[in-house]
Every structure is written in C-alpha cells, then in structure tokens.
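The block underneath contains the structure these notes are about, expressed in structure tokens.
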Amino acid sequence: MKSDDNGLLTLDKVVKHFDISGGLLDQIRFENGKLTRRRTTVKAVNEVSFTIAPGETFSVVGESGCGKSTLARTTIGIYPPNSGKILYGGERIDNKNAQQMLPFRRKMQMIFQDPYASLNPRKTVMQTLEEPVVFHNPTISSDQVKERVAEVMSQVGVDPKWATRYPHEFSGGQRQRISIARALMVDPEFIVADEPVSALDVSIQAQILNLLMDAQAQRGLTYMFITHDLSVVEHISTRVAVMYLGTLCELSPARALFEAPRHPYTQALLSAIPRLGRKKSDHIRLKGEVPTPINLPTGCVFHGRCIHANQRCVEDPPRARTVENKVIVACHGVEEGRL
Amino acid sequence: MVVFIVRRLVQAIFVMLIISLVGFSIKDQIGDPVRDLVGERVTPAERAEIAEQMGLNDPFFIQYFRFVKNAVTKGDLGRSFLYNKPNLEVILGHAPATIELVFGTALIIIVVSLPLGVYCALRPKSILSRFTMSFSTLGVSMPVFLTAILLIFLFAIQWQILPSYGRGETVDLFGLGWWETGMLTIDGLMHLILPCVSLSTLMLPLFIRLIRSEMMEVLETEYIKYAWAKGLSPARVWMVHAFKNTLLPVITVFGVQIGIMFAFTLLTELVFQWPGMGFMFLEAVHRADISLLIAYLVVVATIFTFVNTIVDILYGFINPTVRIAGTK
Amino acid sequence: ANAVTLKVGLDADPVSLDPQVQLSGGMLQLSHWVFDPLVRWTQEMTFEPRLASRWERLDDLTMRFYLREGVRFHSGNPFTAKDVKWSFDRMRKSADFKGLLEPFDGCYIVDDYTVDVKTKKPYPLVLNMATYFFAMDSKFYTGTDKNGQPKDMILKIGESFALNNASGTGPFIVTKRAHNVVLEMERNKDYWDTQSPGNVTKFILTPIKENATRVAALLSGDVDFISPVPPQDFDRIEKDNKLKLVMINGGRIITFQMNQKRRPEFRVKKVRQAIVHAVNNAGIVKKIMKNKATLAAQQGPKGYAGYKESLVPRYDLKKAKALMKEAGFANGFEITMMAPNNRYVNDAKIAEATAQMLGKIGIKVNLKTMPKAQYWNEFDARAADMMMIGWHSDTEDSGNFSEFLMMCENKETGYGQYNSGYCNPDVDELVIAAQSETDLAKRAKILQEVEQILYDDAAFVPFHWQNHAYGAKQNLMIKPILNSMNFPYFGDLVIK
Amino acid sequence: MSHLLEVNNLEVKFALRFGDLTAINGISFALDRGERMGLVGESGAGKSVTGFAIINLISKPGFISGGQVMFNGRDLTTLSNEAMREIRGNQISMIFQDPMMTLNPVLTIGTQMVETLLAHRGITRAEAEAIALEKLKKVQIPSPEKRLAQYPHEFSGGMRQRIVIAIALLTDPEIIIADEPTTALDVTIQAEIMDLLQQLCESEHTGLILITHDLGVVSQVTEKIAVMYAGKIVETGPTDRVVSNPRHPYTQGLIKALPGSLQPGARLNQIPGMMPTLTDIPPGCAFNPRCSLCDTICREQEPPLKAVGDDACKVACHMVTK
Amino acid sequence: MRTKFQKFKASYFLYSFKRDKVAIFSFIVLTIFLLLAVTAPWVAPMDPYDAVNIDIMNSEIPPVWMEEGSSEFLLGTDNQGRDMLSTMLYGLRTSIVIGLGAVALQGIIGVIVGLFAGYMGGKMDAVLMRLADIQFSFPYLMVAILMSAIFQVAFGLGSFERLAVPLLIVIIGLSNWPMFARTIRASVIGEKNKEYVEAARVIGLPTWTIIFRHILPNSLTSVMVISTIQVANAVMSEAALSFLGLGMPVTRPSLGSLIRAGQEFFFSGSWWITVFPGIWLVVFVLVINLLGDWLRDVLNPKLYKG
Ligand SMILES: Nc1ncnc2c1ncn2[C@@H]1O[C@H](COP(=O)(O)OP(=O)(O)OP(=O)(O)O)[C@@H](O)[C@H]1O
Ligand SMILES: Nc1ncnc2c1ncn2[C@@H]1O[C@H](COP(=O)(O)OP(=O)(O)OP(=O)(O)O)[C@@H](O)[C@H]1O
Ligand SMILES: [Mg+2]
Ligand SMILES: [Mg+2]
C-alpha cells in the first residue's frame, strides 16, 4: 500500500477501538467465584488500509454501525487511531500535536450528516463562517473576511444577505449548504463528507450533490464520501470501499463494483437497493443477526451471515488482496476462486 | 449484583474515610467538649487533666488513626461525651425517631403526590390541577420552620387537636429492645402528624411537579401514541404504559431527595423537639460533642449509600434496560 | 392514693444520675428529687432539716449533725452515718466539688446517727455547704459493676455504675432514663418524710430546648410545668386562665466585663463609667426581661452580706457622652463583644441591646453570640473586649462573686477565674480578709466596701439579677415548692 | 362505492399560537380490501398526519376540521372515542416509523402483544399468548416462546420492527397503516421487512397504506400510489403508471432527482427551491414557485385533482392536458 | 439584521410573557422587591443598623393599626426596638445579596466543574462527579452547619460582622454547587457530541475556545433556569442557617434571622415580628419561583431533573 506514493491521503492498518468499560470498579466482574477485570472495547475500525488519490471521490459504504463515521473522524484527526499510520501528502499526521496539525487543518475539512446539529445554534452564519478564516489567518482584516464569506456564500447558493441570520432560520438544505461553506472557507484540498445528504429529502439531496460536484470541479477537491445510500455512491464516486463491522471487505472503482460485486456482502448489499420499477423481491437474503463490534467474530467478520462461508472463513481472517485491475477484496471465497 | 454491592461498599468506605477525616480536621473548631462536662467552677488545670484522659490532646493523626482502627476492628465509633454512651448506641437510639419521621413523610409524599401528579398531568387545565400547581409553588417557597411554627400554632395551640412536640407514647418494636416506635400507638401516630406534614410540605410540591412533568413528557412519546393506536383503554395506557415510565426518573430523584430530606428533618426536629438524629446532631454541634459528630457523619454516609443502593436496585427492577452492574 | 402524673418540660435534663459528677443546676435539681441533703434552703433562705434532723456548732472548726433515724434508701438499705461520711469522701474526689470542699478538713462518724464535719480554718458557711451533702447509698455503690469497674467511680465520660443507677433516700425513684429524651421517676412509697404533702406518683421530665416549643407544650397542655419561661411569653401564660406563672427572685447577676488588657481605652476609668452610664439596664429589664428581673448595680442581691442599698443604677446617656468626651474619646472607638446565646435568660438579646446602647456613645460594637459550648472556650481565651458573664454564688454569699469575677486573675489560687480584665489589689485584699472574718457584721462591712469600690471604679457593667420563671397549670400548687436556687422540690408538690 | 376505506376531502388543522395551520388540505382517496397503496412526498408534506387522521389520533393541537373517513360504511371522524378504540388496533393497525421508540421499554413484548388482544377479543390470557406466538412465528422471530418474556431493548432494530408488525397482525386487521416502517433500518434489513410486509398482506388479504418518502420502496411494494405535496395529493394512480410515466411536474422532478436514473457523475436534475412551510403556501398551485412549466393560471388558481386520460390516474396540474 | 433577530427574540419572549398574567405579576413584584432592596437606605424610615436610632424602650410596638401602635412605626417594632419596616427592607437587601452571591459562586464552581467533567470525560469526569456525589449525598444543611462553625471560629470575632455576608455566600455557595455541575455536565455531554463541536475541532480551535465559546453558550439555558430556582433556594438556605443561629449576626438581620428572632414572640402575641418578615420572605421566594417556572417553560420544557 505504501507504494502508492502519488496518493493524497493514505491509511495504513488504522485501528480505532473505544474503551467503554468505565472506571476500574466498573471493569471488575464476578465470574466463576473469581473477581476478574474485564475491559469492554468497541472495535469500531480494524486494520483498515487504503490510499485516496488527489481529485477522486472516494466513497465508504456499509451498514449502520460498521464504523464509517469512526473511520472518517479518525482520518480527519478528531480521534487518534489506536495503531496504524495516517499520511497526508506523504507526511504522517496521526502523531502530531494540535499545534503541528494546524497547517493540515487548513487542507482537510469535514461536512457532517445532521444539518441541525452541525451548526452552532447560538452563532450567526457570519460568525460560523468567519471563525475558521480568522483563526487560521489572524492578521486578516475584517473587510477581507466579510468579502470572503460573501463570496463563499454565494458560491454555495445562500444569499450573502442572510449572513446575520441564525441557523434555526434556515431549512435543512440551506443549513447543509452553510456547512459546506464553512468547510470551503479555508480553501481545503480534501473534504471528508459524513453522510451529507442522508437527512435530506430527495429533491434537496439532488441540490446538495450537485453543489458538491460543482465545488469539486471548480476547486479540484478530493472527497472522502461516507454514505449508506448506494445509488448516491454509484452516482458520484470514483472508487468505493465497502465496510462491514469495522473491516474493509471490498475496494473497487465504482463502475467495477456496481457491475460485478465480488465480495458476498457487497453482493447482498447491492441486491437490496430498492429501485424504481424493480418489482420482485429478488434480493439476497442474509442469515443471522449483525454481531456487535464488541465481540467480533473470529475469522472473517462476515462468516456468520455469509451463505458461502466454510470452515476456513470461521477460523482465519481473510486479507485484502488485489484480485484484478484495482479491485481489492478480502474474502477467502474470492481468493480461492469459489466465488 | 454482588459486584454492584461490593462496588457500592468500596465507595461507601471511601466516602466514610474522607468524611471522618474532614470531621477530625475540624474537631477543634467546634468547641471544647470538656467545658460541657464540668461545672463552671472547675479549674483549668483539672479540665486539662480530663481532656488528657479523654485523649483529646493526642496529635491529630493519632486520634484519627485510633478512630479508624477501632471502627474497622471493633465496629466501635467512639464514645459520646454528651450522652456518655458509645456513639453507635446513641445514634441507633435516635435513628428510629428520624427514620419514622422520614418514613411517615415519604408515605405522605407518595400517597399524595402520585395521584395528584398524575391527575395534573392528565387534566392540566382543570381547576384542581391549577389549584394544586399554585399551591405547590407556595409550598416550595415556604421555609420548613415557618410551616412548622404555623402548624403548631394552629393545630396545637389554637385548636388543640394535635400534640405540639415530641414523639408521644412509644413502644418497643417487635421486642427488639432498641427500636422504640411511635407508629404502633395512637398517641405516637398523633405526634407524627404535624412533623411529617410540615416536612412534606417542602418535598410534596416538588414531587407533584416532577410526576406531572414526567408524566406529561411520557404521554408525548411515540410508544404512548402507539399504545393508543393499539386501541387500549385509557386506564391501561395511563396506568400501565405511562405511569411505569414516569416512575423511573421519579425514583432517582426520590433517592436524592431523601438525602435532602435528612437535612430538613434537622429543622423539623428542632422545632418539634423530635428526639431524632438531626436533633442529636444539633445538640452535638452546640455541645461540642465532636466524637458523636464524627460518628454521626460516618453513619449518615452509610445510610445514604444504603438508600442510594436500594434506590438503584429498585430502579433496575422497574427499568429493564439498566444493567445493575453497568454504569449509571 | 390515686395516680397523679406530673409532666415537666425543662430546658435540659440532668447529664447523669450521679449527683456528684457535675456541679450544675440540673444535677442539683435531680439530687433534690432522688436524693436528700443534710439540710436544704427554704424559700426564705433559711435552713430546713432534711436527713440531719438538727445540728450544733461544737467549736470554731466543728459542726455536729444529728441524723434522722429509720430512713431507708431506694435499695432498701438503711441510712446511717456511714453513708454520710462515704458520700462526703466521695464528693471530695469529684473534680467539680473539690474546690467547693477546699475549706473542709473531713467528716467524722460519731455514732450511727451522728457525724462531725470539721473545717481547716474557722468557716462561716458550713451550713450553706451542707445543702450539697446529699446522701448516697454507700452499700449500693460499693463493689464492682459488670464491667469490673468500682461502682463508686466518678466518671465524666464513659460508663460508670452511678451514671445509670441511683439509690438515694429522696421522694422519687428513677424508672427510666433516655438521656436528652426523657427521664421517668416514680414516687418512693417508703419516703421518710411523711409530713410532705406531695402527691405526685409519676414524674416525667422531658428536655425541651427550644423556648417556643416548650411554651407551646405548656399551652397545648402536653406538659404540666415548664421552666424556664422565656420573658416574652410571660404575658401569654399569665393571661391564660388555665395556666399560671410564678416568679422567684434569683441570685444570678448578669454582667459584662471590660477587658483592660485587650483595650487600653478600658483602662481609663471615665470610659468604663461612660459605658455603665450608657447602658440602660432598666430598659432591658423592662423590655427584654418584661420587668421580671431585678435591676442591679452591684454583684450580690439584697439579703446578701455585701448588699449596699445606696448603689443604684445610673443610666444617663448625656452624662455618658460627656464622660467619653472628658476621657478624650468623643469620637468613640470600635470593640468586639461576645455573649453566649443559650446560657442565660435572653443572653443574646441583652448583648444585642447593649451593643446598640454603646453605639450611641460612639462605641461601635462587633457582636458575636454563640452556644455555651463554644463560648466558654472563647471566654477562657478572653477572646473579646467585652464578654458577658452571669454568676450565681453557690455559697449564696457575696464574697463568692468577687472571688471569681473581680479578683485579679491568678492561676495558682484560682481567684479571678472568670475575671476578664479588671484588677485592683485593694479589692483582692478586702475579699481575702472577708474570707476569714467570722464576725458577720464586720464581714458585711468589708464586703460592702468592695461593692462600693467596684461601683465607683465601674469595674463591670451590671444588668440585673435573673429571676426564675415557672409556668404551670392552675392545679399545680407550685408556689410553696420553689426557691431562689431554682430547685423545685417536686417531692412536696401537690396537684389538685 | 364499496371501498373498504374511503377518505373524502379530509382536512386537518393544527391550532397553533399564531392561528390555525392547515396540514392536510382536502385530500381524497380510496382503498379496497387487500389493496396496497403508497403515500409519498417530501418531509412535512402531511403523510403521517394523514395516517393518524384515519384512525382519528392526531396529537394535541391538531384536529380534523373537515371531510370524512368512511370505513366499512362508518364515518370514523364522527365516532366516539370508545367506538374508535374498537377499531384502532383491531380493524386498522398502525406501524410507526421508529422501531426503537414504539415499543414501551419497561414492558415485555409478551405483555405488549397480549394486551392488544385482550383489549379487543374476549379471550383468556393463555389463548392470547398462543395467538401472539403464532404471529411471532409468522414474522420469523426465532424461538418465539422465549422472546415473549423479553424486553424491547433485548432485540435488534430489525427484530423490533418485526415484532411491531406481529402486533399489527395480531387481530387480523383489515388495514395496516405503515408509517415509514424502515427508515431507521439498514438497506438489507429494509428489504427483508418490506418483503415480509408484502407477503403477509398478500396472504392475509390485508389492505396496506405504506407511508414513505422513498419512491423505490413504494414502487416495489404497492399497487397504487398517491404523491403528496404541501398537504395535498398532487398525483395518484397505479404505481407502475405513475413511476414510469409521471405527469405532475413535481412527481417528475422527484423521479428525475433520483441519482440511480442517470449516468454516474452527471449533474442531477434538481427541483429548485424547497417545499413552502405550511403557513405561507403561495396562492394558486402550491408548487408554482418551483415549477418550470408555471404559468399565470398556476399562480392564481388552485388546480383540482382530476382524472387524466383513460386510466385511474389523477393529477392536479393546470399544465397537464390529457 | 442583528437587531431584527433581537427583536424577534424579544417579541417571542414578550409574547409568552404578555400572555402569562402570573409571569407579569411576578415580574412586577420582583422588580419592586429589587428596587426596594437597592433603595432601602433611602426609602426605609430609619437605618436599623445604626445604634443611634434604636431605643430599647420602643421594643415590641404593634403595627400602626393596632391599639398600641405608633405612627412612627408603620409595621411595629421588634424586640430590640427596631422599626419592622426598615428592618425588613434591610433584611431583604441582605438576603438578596447573599442569595445572588451564593448562586453566582455556585454557578461559577458548578459551571467550571461541569464543563470540564463533561468535556474531558474519563477519569477527570469520574473524580469530579464522585466529588459532587459526596457533596450531594450529604445534606447541604449539615455541610453548611459544619462549615459555618469552622469559618466563624477561623476568622475570629472582630471581623465576623463584616465577613458574615461573604462567609454565608461562600458557605451556601460551596454546599450547593453540585446542582449546577450536574446540570451543566449533562448538557455538555449532550452538546459535545453534536457535530458543530466536531466542526470546531476540525477547524483546529483550541479546547478552551471550544469549551467556552461553543459549548458554554449552548448550555447556558439550563443554567439560567436552575439559577432562579437556586436563588430561591439560597435565600431559604440562609434563612434556615439563620434559624439555626448560624446566619447573619443579630445586629444585621437577614429575613431568615428576623423570622428566627421573631419566632419566640409568636406565641406571646407579638406576632408581627415574625409574620411580616415571614410573608415578605415567602412572597419574595414565591415570585422568584414563579418566574423560574415560567422561564423553564419558555426556554425548555424538558429541563430540571434531580
Ligand atoms: N465515541 C464513541 N465511543 C464509543 N463507541 C463508539 C464511539 N463512536 C462510535 N462508537 C461505536 O463504534 C461503532 C461504529 O460506529 P460509527 O459511528 O463509526 O458507525 P457508522 O458506520 O457511522 O454508523 P451510522 O451509519 O449509523 O452512522 C458503533 O458500534 C458505535 O457504537
Ligand atoms: N404536533 C404538531 N404541531 C404542529 N404542527 C404539526 C404537528 N404535527 C405535524 N404538524 C405539521 O403538519 C405537517 C405535516 O406533518 P407530517 O408529520 O404529516 O409530515 P410527513 O409528511 O409525515 O413528513 P416526514 O417525512 O418528515 O415524516 C408538517 O408540516 C408540520 O408542520
Ligand atoms: Mg455514521
Ligand atoms: Mg412522517
């Protein structure tokens, strides 16, 4: 993976676990007549590696709770990874302190899912938008700031006259535009968008997606796009990573993935997309229930629900391999040629 | 469950150590217990001797260590200067009075606040609800001691229908020998009325409000709407679906409020000359009975841990989603 | 006889059942109910024979007491001279009584019903002291208790036999005691004093600390008798036709002392005089004490040897201001003042009023009141410039006041133990002279001279002598059983 | 005129601080026995309110201000509360959006199932439990016997939604109203639940009103569809027809806005602007400010919902002619 | 534009305010109370703290409408001869100062502790909250009694009268802070996971800025609501402490110590010494509570639990 030197952003075996066991006293359990100390960790992201090339739209899909948001937050540096490396432009950023991170903060930005929670309700649009600029350019004059705010606002399609309004005066779609404007304020290169359209209606969703695509075209942005909506993924991505229980199952160029999904989970996922006019219930039925990321299954994390699973899948975790032109799959079945 | 209780115990011990340490560190500030033991004629030299005998002159840490050692090894919390008995015995002797007071008050609170609170939530616009709510605001705004004085004035002095002070006739409960109860005699019960009522005036409004607002909130939830959509009768929706969920926060608050109630028994006990622990505490402060004070603080900490544990267990009973072993 | 129950509400209950463990009003009250002294005070301040049926002075140093025969203790043991001597000897071991018994040489058994009490020097107050000689049941208190401690041990803290068990000859037998909660007693059926009209068969004492609650208890009929009655409630009780209020003059003087060591200003006599002139103690008696206290200008009340008729209160604000000016403090100064808030009747209120009165002559007072448990510590430390102290002479004699309050403080002799800051060698000399003066007239003269000096010197700020106030239901014949020592003799109480 | 359910000119208002707000503005549709109908539209269009209005259970400041809901020949809007209780959960069941919120957290699912039966059938507890078990099996809950004694939090979201469906089926209702039953669930689970619902309705011959904003879901499950916009139905007809040949500009916009229908990477067809808040709906056609075909008549006159062409399709648009 | 928003906000506030007669009434009464407290030295007939004005001979004069009343003393005098009306005005002033001061202190401690516990989480949170629990599970009155016993001795006598007000503020403030800490913590935990906070972190803003500029303003609503309730509580606490003899010195009475002092005279017929300050206090606390209720409804109906 390291070889991909022209990558903008590289994740190398990134692991993120959350310790939710609380204080020492909460960890103590009484088992078999013995007091034992047990830590409970949520294994949200497990050894995920990939490289995002400049200018691409890299999507991450997967079911709820599979670690998409955690991956996004780890990438952008909100959570420090437990292990693994994150490189931006060839420079390692996961071990930098807040001060050293500052230059990267200007290059990497994030857009969030919930248009209602992602803006500070007590700040006007102006205050929200000028904060990143002023913070990163302390010397800038206030006129320049205003100018820049107005410029970005009109770019995202919000009337600059509304700068003095508070978020609650805007609709969800407008708020999402303002969120995007905030991310664009520092003129970043790379934007992580965590389900930016999931909370919006179809008609608004189209507006926002268009806006994101326009911005990309104008500024040459690179996106890491998180979503569970596969039709959106299909529409905007260049490459897609499919996650299941914190593990990467498949990483392929979008077209390849939608045309010929390789991993059994990807296949199931794609077959379940409700599409206009598709009448019959011809989707692949998965068995069993989704396991919790607290007690990860042994072997392949998907084996419990996979109809193709065999003994090897139960015991041995599959490794991600490139199977053909840029298609990376982590599945014994694919590797063995069973599928 | 076992772990839960063990954890609580560890916490309690921790709290007690801190509290007794605090107690010891302030002991010299409260006053000189020797002064209270002797007449005014006794010379300073003799007082010094008595203090020496009592071990009051030892360094702070030696005294503290001795206290902790005795407490741990013998369950001995020292000896009260004022009552001239082991502290634990003194406290246990006063505990029934306070417990019965708190119990009586809690009973009043439960019996009155549940129906009223629920009613106010279901019929927020009715006259009775409005009246209850206004009255309850007045209740919270009235200092306990003022209520108590008024009650005494009206019921004991003007109308002379209820006794004004003390516990009245008490009998030995179950032949335990140390629990003198006033709850089994008519006279004892009569004596309970005024103190309990005055104590409850403070908490009652709070609970009526709490129950009301919780119930109203619960009534807005999806699952209540769903219950209606299932075609259940109002009685079932209100009493089974809504009420049980209302109880959860109420129980937690109840646990906290019991603690606060203890603080207010102090005032009530003072006004009604109720021979309970609060009264004893004040007496101990005024008479500089430091030993008893520290023991009292330790015991109170224990009681709180106990009450909170019970409340938590109870909470777990009603709320299936709470694993008792987990964090709150 | 019919069962007659007496319910009494007092501000505190006795700390112990051991009459010798503490010298305090409460303990002495109990002693009079459960035990009997050799002699006791009457209302007229004369001596009444109790266990001693008569007495005679044998010489300057010896007094002989003839004891009553046929008296039995509650335990059934007969009362003899041995018990008197035993009790006397035990009392000398008590920290509280030790000082009081200092002048005595010892108690000697003459025969089963006769004892001689000897003093070291000629001592004029033997009979006064005999009111403290309560007889304890020597046999009952001999041996060791279940904890292996000697039963006669006097213990201030810790379990002693005498703490919880009592056997005296008195009119009441203790049946139940829960300290600070209740003390129950029953009539001693075999009480020796068959002359006593008392008809109370059951006597229940509840301590009710809060003044208002205590009064409320009487008003609501929950108790039959209360003491003390706070002055503000006198009216109400008097007006209530089911109740009555009885006042008895008492001998406790209430004063403020001015600390000359802390405040140079107080060393100026004119300043002290100004203060005394500024304090309207008549107003305090009238308003705060509701006229139920005796206005004072000296230490000992009327009837005491040192009482001097001519010493009258001198409230005069104008003069006070003039004195301040003369002393060079026209602009006043600031002082601290402390008083207890649960020791004397209306102590805190008196202090507050005083502080305000001093304010009028430019002395700004920082007042702090506190419970007595803290107050005595502060007093020992002489922590404020003016401190309140009340004193009741336990020998019912004038000299005692000066010895404790006005003589120069001396750690060794113990004189001036409660003097916070006045010292006049002339006074010391005179008081000591009075101690060994057996010529009572001469002695009175000396003591009056002392009062005069103190008066002229404005050595302290006098207020009043506290009265004892009792409230009771109409059917309680309490008047005859009360006295200025505040020992209600409930054994003799008649309830109609 | 023997529809199972017939909604005529239904109007729902909310009494708010600043006056009444009309959430549903005269909608009409009908549902036959065993028919599955979809109600789609943007958020706030009034879909849920319509659902609740049918069982006369609109939350507080809301009330039905006009129209009828005829069910089996009775007008539900005029029924007393008691009479209505007989119908709710019995003849008409409802499935709510969020399976995490609809089950009471402090009661076992057994209790919550049995009580529904006991409220409507004069049967014993044991009989009720037997029926509950049967229905749990039907929705494919494994080992249902054990499950009855468990609390909702012990189930995953998908299972909870299945339990809610089981509860809806308990009394063999004639109509199930499902208000966004899968929005909170993952695609794989959503597909299963939808399958299940469709099968059950088919096998029991139960009517279904499926409320959703996902055209894809509707097109798979329902036979008939009604598109709502700002409290009104703007287009209705057989699902196939509406999906394949939408006539109302709004429906067209909705379908075109779906990313799946286009070449990847191409600009999506967006409907400009957003749905007006119900307090200030523009005069004339509510959609006019966003409509590319808009004409003066659209700004002045409200278009009626009228049949277009041969079939059962109805459209409310001045610009759609035959 | 900004003023427009303010107008909107004001109008919303005003709107619900105007509709609520109780709120209007309470507000007016509270304003009067506050005005009286501020202007006490000018409106009070006499200065009850100045010894020159007090004469023991004037004690216990009944209110003017009673037989023995004197026109000099409208509401009568107390047992020291102070004019009741003036004393109540000054007492109110003292009570208000203590109430506001104590709440300010509680608020500062509670908010800081709550912010840190909530934002930092983990060990810091556990330790701070355990501390709050200990304090909370301990009857505050007891804490206050112990603390005032210590303070009174520690600071010596001369300064007590001067220090009494700050002392009481500290005592009540210290014994009641967990209320704030808990509320703030709960609200911070709610806020900190909101995405706008993460957005601030992505920008790179320092923790301090995030806590104080972003989270705190959004948690202040809850603070406002409990503040009113706590002011009422603090006034009552002070009264309770005074009732136990641990409050303001007798020469500078607060409402609580006035009631306490008057209580003894209640049964003896001088009812006005306790009844007037009693009504005064109850009305004052009542209007605060009523306003608090109103504020709670307006700002957030789901606040205030335990
Ligand atoms: N701060 C946290 N502390 C503890 N556990 C967490 C935390 N954040 C996420 N998790 C857990 O990590 C797992 C992955 O969560 P994540 O939010 O990354 O999922 P997701 O794929 O974004 O899901 P969704 O589609 O619902 O947004 C979940 O089980 C979640 O409970
Ligand atoms: N309780 C209420 N109080 C006031 N207005 C309400 C209430 N409930 C609904 N409304 C109004 O009714 C309108 C329709 O709401 P409804 O819930 O039916 O929308 P919906 O189509 O179901 O949207 P969603 O897809 O978000 O569920 C909304 O615009 C809303 O403003
Ligand atoms: Mg997510
Ligand atoms: Mg809806």
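A note on names: the letters A, B, ... follow the listed sequences, proteins ahead of strands, and every chain is numbered from 1.
By the neighbour-count criterion of 12 heavy atoms within 6.0 Å, atom CZ of E:Phe27 is sparsely surrounded, having that number or fewer from other residues, nucleotides or ligands. Shown here is E:Phe25, whose CZ atom has no more than 12 heavy atoms of other residues, nucleotides or ligands within 6.0 Å.
In plain terms, the two heavy atoms of E:Glu195 and A:Gln113 that are nearest each other are OE1-N, 3.5 Å. Nearest heavy-atom pair across E:Asn218 and A:Pro121 is OD1-CG, 3.1 Å.
Looking at E:Leu205, both its backbone and its side chain come within 4.5 Å of chain A, counting heavy atoms on both sides.
Counting only heavy atoms from C-beta outward, the side chains of A:Arg122 and E:His214 never approach each other to under 4.5 Å.
Below 4.5 Å, heavy atoms of chain E meet heavy atoms from A:Phe135, A:His136, all part of residues 135-160 of chain A. Proximity to chain E at a heavy-atom threshold of 4.5 Å picks out A:Leu102, A:Arg105, A:Met108, A:Gln109, A:Met110, A:Phe112 from residues 96-112 of chain A, in numerical order.
To the nearest 0.5 Å, the span separating CD1 on E:Ile210 from CG on A:Asn120 amounts to 11.0 Å.
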Can you list the steps and then say if A:Arg182 with E:Ile203 is a side-chain contact (heavy atoms from CB on, under 4.5 Å)? CA-CA 9 Å; A:Arg182 174 177 55 196; E:Ile203 291 169; 4.3 Å; yes

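Judged purely by atom type and a 3.5 angstrom limit, E:Glu198 has no side-chain atom pairing as donor or acceptor with the backbone of A:Ile78.
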